[in-house]
Amino acid sequence: MGKSKIEISSKGIEKTLRKFDYLQAISEYIWNGFDAKATVVDIKLHKNVLGGIDQIVIADNGYGINRKELERKFTPFFESEKQIDPEKRARTTSAMHGKNGIGRLTFHHFASDAAWTTTYVDGLLKNTYTIRIHSKNLDTYEVTNNILTDEESGTTVTFHNIMKDFVYEDLLTFLCKEFGWFLELHAEKHFDVKIDGVSLDYSCVIAEKECFKIVHEPTQTEFTIKYVRWKDRINHEYSKLYFLDSHLEEKHKQPTTFNNKGDSFYHSVYIQSKGFDHFDFDSEDNGGQLELSFGASRRSEAFQFLIEEINTFIKQKRKPYLGLFADHVIEEFAESKAFPIFKDDPEDTTRKQELESVIREMCQLEPKVFARLNPEQKKLVAHLIHLAMGANERQRLLEAL
């Protein structure tokens, strides 16, 4: 068994990974499996005699860790903190989540050590070997020699001495929010996250789902659409459009027009079309061979038509949701006693109704203004709107906001 050093000290690694908690850390190992082209990642939780979890095993059916790439994968080089902050990693497709290998060291948040047993194909042969790292020495890893095997390719990582406050229900909830959108993206390919052999049921985070087709008549381009509205914010992913080709390969993703508007309207739209088989998502111009052959770029009529249709559809879906959001804001304002004090007479009742109606109108126009206000801010906003109404400045107030 050989030992190798990682290019950053153990303390340095802990500092670099401080933004990960144990739930994000476990998710990193599942992402590592999907990055290695796995279709199934299986998590097994081994319990001790007291019912606590003392060992976690995460197995995937990906292509394994080629011995030649071991040093690159386990000797991470950090270009910037942005790449290792789970909040900030941006990707134009959903593959290659943990390209810097740093996720492999997050286990120190929840276990004493980790052992990877990995099998990979090398020409006509299959090799297997094991890598071990201890949480006290994160800058060193041990590697066994290669052994020839008949096993299928993939990686199984085992974590020992799990920390005491590991909560099974929290893990389930977190995984649904972390992987629901991704499993939905690859639903036709039957991607799966299993916990003790049972597929993760993320239907609890789906508020609404709708499937339909759009056809661009002039070019006869057909698009199959799947729209999902989520009950809760999905971890680090926000609201996106996903573009898949006829082989169900993801070609590109981008935020929707209604992404991050502050109104908790979380949604994903999956668009599949043969038109994306030879599509240039990077180029904004009309030139190039691709354009001449397929008309296949963002500037093409079919794509412009698609985006317009999708935006109209999402806008319609958001309308009733904004109504509910406005009701919720009015309720919160009332509970926080943010409204001015009104007398119990017809004139003041009308004023109160007017104020509520203006707040409703503003919620629908600019929900972000009303998101996450503390009680003092609610009071300030309600009083300012009331004053502006008294001065017949309603329109100008709307414009200003």
Side-chain angles (χ1 to χ4, degrees), residues 87-94 177 180-182 184-185 205-219 221-245 250-273 275-276 279-286 295-329 360-372 398-401:
E87 289 282 354
K88 291 176 182 164
R89 282 181 295 191
R91 306 185 296 283
T92 55
T93 68
S94 303
K177 288 202 244 176
W181 67 271
F182 183 78
E184 202 60 50
L185 172 67
V205 292
I206 295 177
E208 187 186 1
K209 191 197 279 195
E210 194 172 321
C211 299
F212 56 97
K213 279 186 166 54
I214 292 174
V215 180
H216 180 243
E217 294 294 348
T219 58
T221 311
E222 193 174 278
F223 302 99
T224 303
I225 317 289
K226 177 168 63 175
Y227 158 82
V228 179
R229 179 166 69 79
W230 306 98
K231 285 181 186 170
D232 213 335
R233 184 187 150 195
I234 39 183
N235 297 352
H236 320 306
E237 185 64 11
Y238 303 103
S239 299
K240 300 258 171 85
L241 303 174
Y242 302 88
F243 302 92
L244 298 98
D245 66 14
E250 183 194 11
K251 301 300 284 279
H252 183 72
K253 68 177 178 181
Q254 65 191 51
T256 75
T257 320
F258 303 95
N259 172 55
N260 203 16
K261 291 279 187 188
D263 57 358
S264 308
F265 177 63
Y266 308 113
H267 54 285
S268 301
V269 184
Y270 307 92
I271 308 155
Q272 196 227 327
S273 174
F276 298 135
F279 196 93
D280 180 11
F281 276 102
D282 298 322
S283 171
E284 290 285 350
D285 61 44
N286 266 336
S297 85
R298 292 163 174 277
R299 296 287 292 271
S300 65
E301 255 182 59
F303 190 77
Q304 296 287 323
F305 164 81
L306 166 73
I307 296 299
E308 215 167 287
E309 291 286 305
I310 294 287
N311 285 343
T312 305
F313 173 80
I314 300 175
K315 201 173 186 178
Q316 287 304 111
K317 285 288 179 191
R318 191 167 173 251
K319 256 187 189 166
Y321 187 81
L322 283 176
L324 292 172
F325 176 73
D327 290 345
H328 179 65
V329 168
R360 266 178 216 287
E361 206 176 325
M362 288 179 172
C363 281
Q364 308 222 15
L365 284 172
E366 203 51 76
K368 222 169 191 173
V369 172
F370 297 90
R372 295 180 290 278
L398 285 170
E399 281 165 19
L401 281 166

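Just so it is clear, the model here is predicted, and its values are computed rather than measured.
Under the 4.5 Å side-chain criterion, counting only non-hydrogen atoms from C-beta, Lys177 is not in contact with Trp230. Here the side chains of Ile234 and Ser268 are in contact, with some heavy-atom distance below 4.5 Å. A 4.5 Å side-chain heavy-atom check between Ile271 and Phe276 finds at least one atom pair inside the cut-off. Side chains of Ile225 and Leu306 form a contact here, defined as non-hydrogen atoms less than 4.5 Å apart.
Under a 3.5 Å cut-off, the side chain of Arg360 and the backbone N or O of Gly323 do not form any donor-acceptor pair. At distances below 3.5 Å, not a single donor-acceptor pair connects side-chain atoms of Thr256 with backbone N or O atoms of Leu241. At distances below 3.5 Å, not a single donor-acceptor pair connects side-chain atoms of Glu250 with backbone N or O atoms of Phe243. With hydrogens and angles ignored, the 3.5 Å screen pairs no side-chain donor or acceptor of Ser297 with any backbone N or O of Asp280.
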ask   = Would Phe281 and Lys251 count as a side-chain contact (heavy atoms from CB on, under 4.5 Å) if you check the C-alpha gap in whole Å, the side-chain angles of each, and the deciding distance to 0.1 Å?
value = CA-CA 8 Å; Phe281 276 102; Lys251 301 300 284 279; 3.7 Å; yes
task = Show the numbers, then the answer: is there a side-chain contact (heavy atoms from CB on, under 4.5 Å) between Phe223 and Phe303?
result = CA-CA 10 Å; Phe223 302 99; Phe303 190 77; 5.9 Å; no
task = Report the C-alpha distance between Ile314 and Val269 in whole Å, list the side-chain angles of each, state the deciding distance to 0.1 Å, and finish with yes or no for side-chain contact (heavy atoms from CB on, under 4.5 Å).
result = CA-CA 9 Å; Ile314 300 175; Val269 184; 3.9 Å; yes
Trace of the side-chain contact (heavy atoms from CB on, under 4.5 Å) decision for Lys226 with Cys211 = CA-CA 4 Å; Lys226 177 168 63 175; Cys211 299; 3.8 Å; yes
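In this structure, NE2 on His216 lies 5.0 Å from CD on Glu301, to the nearest 0.5 angstrom. Between the CZ atom of Arg318 and the CZ atom of Phe325 there is a distance of 9.0 Å, given to the nearest 0.5 Å. Distance CG/Leu244 to CG/Leu185: 5.5 Å, rounded to 0.5 Å. Separation of atoms CG (Asp232) and CD1 (Ile206) is listed at 13.0 Å; rounding is to 0.5 Å. The line from CZ of Phe258 to OG of Ser239 is 10.5 Å long, rounded to the nearest 0.5 Å.
Residues Thr221 and Ala302 share a closest heavy-atom pair of OG1-CB, 4.1 Å. Nearest heavy-atom pair across His267 and Tyr227 is CB-CE1, 4.0 Å.
Pairs of residues two or more places apart, or lying in two chains, never qualify as salt bridge (charged side-chain N to carboxylate O under 4.0 Å, His left out) while including a residue from residues 306-315.
Each of Lys231, Arg233, Arg229 was checked for a side chain to side chain contact (heavy atoms under 4.5 Å, CB included) with Tyr266, and the lone residue meeting it is Arg233.
Take Tyr242 and apply the ring pair (Phe, Tyr, Trp, His ring centres under 6.0 Å) test, not counting sequence neighbours, and it matches Trp181, Tyr270. In this view, Phe212 and Phe313 satisfy the ring pair (Phe, Tyr, Trp, His ring centres under 6.0 Å) rule, not counting sequence neighbours.
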